[in-house]
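Input: a single structure, listed below in structure tokens.
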Amino acid sequence: LLTNQPQNMLVIWINYFLAWLFVVSGSLKLRNLAEFRGQLKSFNFMHPDLARLTAFLVPCVELCLGLLMIVLPARFIQLALAAVILLVFTIFIAWALKKRKNTSCFCFGEADGEISRVTLIRNAVLLSMSTAACSGSLIGVGKSPVAITTTVLLLGYGAIGVLLFLAGFQLADLYRKEFSPT
Amino acid sequence: MNAVTLVVQFVLLAISGLLALLLFIMMRQIGILRHRIPPDQKLSDMGLAVGTQLPAIEFTPYDNATKATIPLAGDGVSFLLFSAFSCSKCQTLLEQLPGLPQVYSDRLGLMLLDTDISERYAAQLLTLKRFLVVEAFDLATPFKIQHTPFMYVVDQKGMILEKAGIFTADDILEITARYKLERSAEYAT
């Protein structure tokens, strides 16, 4: 029985949104691997060899999780893993801000610039979305089958959502740089 | 859902996808440019003026070995590269430095703006042991360092011949290539 219930569609859309986000994030980190490695080393909280390994593993995990979420959407385990990863990133960004580590994020490649409150807000929004979708999935929302055309449309709008989200973040970050002293 | 509705939905998806992609690319390019170009001051305007004397020509290596004096090798041109382990852009450059030809590295003083580098960055320092490495935290102000990595090219008396913001090791090679290092009497070509 196919269903187009709004909450069902919303959970699937969030799933695809996060999936594309991880794919983009992982790909851009792999593309700027040297810079991402440098950023991890500059935090100076782990051994350089471990930083090197982490810098390679993090984008690989993001990429694999993103692809898995596209192939098998709205599964609790994947949404939970996404929430955990985003939670770790958010805590890390909060720690870097608290320690006043004036360093680049490279979360989405070179254009990301320095870690700031905007970065923290961005991750908090993503964390809220993933937690909401994860909770929904836990109680069965998002598991009802949808038509294949609807799935394709949701997949496409998930990608559009990511592009708009990143463009919006970039705009907010530019505004911060131009008009805010911090 | 009839065929026409379906086609309209996919056309709308394609159009909004294209617009979103264009917006994303535009914002991303603006972000990259904003990241690369400091808005308030050009890199060429930063630092001490060309033609002036360095505030210091004698440097103590981080391991308290023998003091080094300008010129660092022979009696010719020396390069002072201000960088830091705690800056991610510099990290990429610092990883590339061991690949520099010996003729350049003999004359390159690596002025690191971090503190306690021998304790905090022991592993990374091992890869840079062929350079003169100075813990230069206190030198940032007298040398007017506002951007890292930043390089001064100085003559044998410590006069600044050139200064430049550095992004990759290729930038260093490009600058050093302008100086005939094998013949110390000649500087800029």
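First the proteins, then the strands, lettered A, B, ... as listed; each starts at 1. Just so it is clear, the model here is predicted, and its values are computed rather than measured.
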Enumerate, atom names and distances included, each donor-acceptor pair closer than 3.5 Å involving a side-chain atom of residues 74-88 of chain A, sequence neighbours excluded.
none

According to the interplanar angle, ranging from 0 to 90°, do the rings of Y152(B) and F143(B) count as parallel (below 30°), tilted (30 to 60°) or perpendicular (above 60°)? tilted

Do the side chain of Q156(B) and the main chain of G76(B) share a donor and acceptor less than 3.5 angstrom apart? no

Donor-acceptor pairs under 3.5 Å, side chain of residues 92-101 of chain B to any protein atom, not counting sequence neighbours: which ones?
residue	atom	partner	partner atom	Å
T92(B)	OG1	S88(B)	O	3.4
E95(B)	OE1	R37(A)	NH2	3.0
E95(B)	OE2	K41(A)	NZ	2.7
Q96(B)	OE1	A169(B)	N	3.0

Could you tell me whether Y16(A) and W20(A) have their ring centroids closer than 6.0 angstrom? no

Name, in order of residue number, those residues of residues 157-164 of chain A that have a heavy atom at a distance of less than 4.5 Å from a heavy atom in chain B; otherwise write 'none'. Y157(A), I160(A), L163(A), L164(A)

Below 4.5 Å from any heavy atom of chain B, which atoms of L171(A) appear? Answer side chain, backbone, both or neither. both

Verify the neighbour count for atom CZ of F56(A): are there more than 12 heavy atoms of other residues, nucleotides or ligands below 6.0 Å? no

Among C90(B), A123(B), G17(B), S16(B), who wins on heavy-atom pairs under 4.5 Å with chain A? S16(B)

Would you mind listing every salt bridge (charged side-chain N to carboxylate O under 4.0 Å, His left out) that reaches into residues 62-73 of chain B, with sequence neighbours excluded? E58(B)-K67(B)

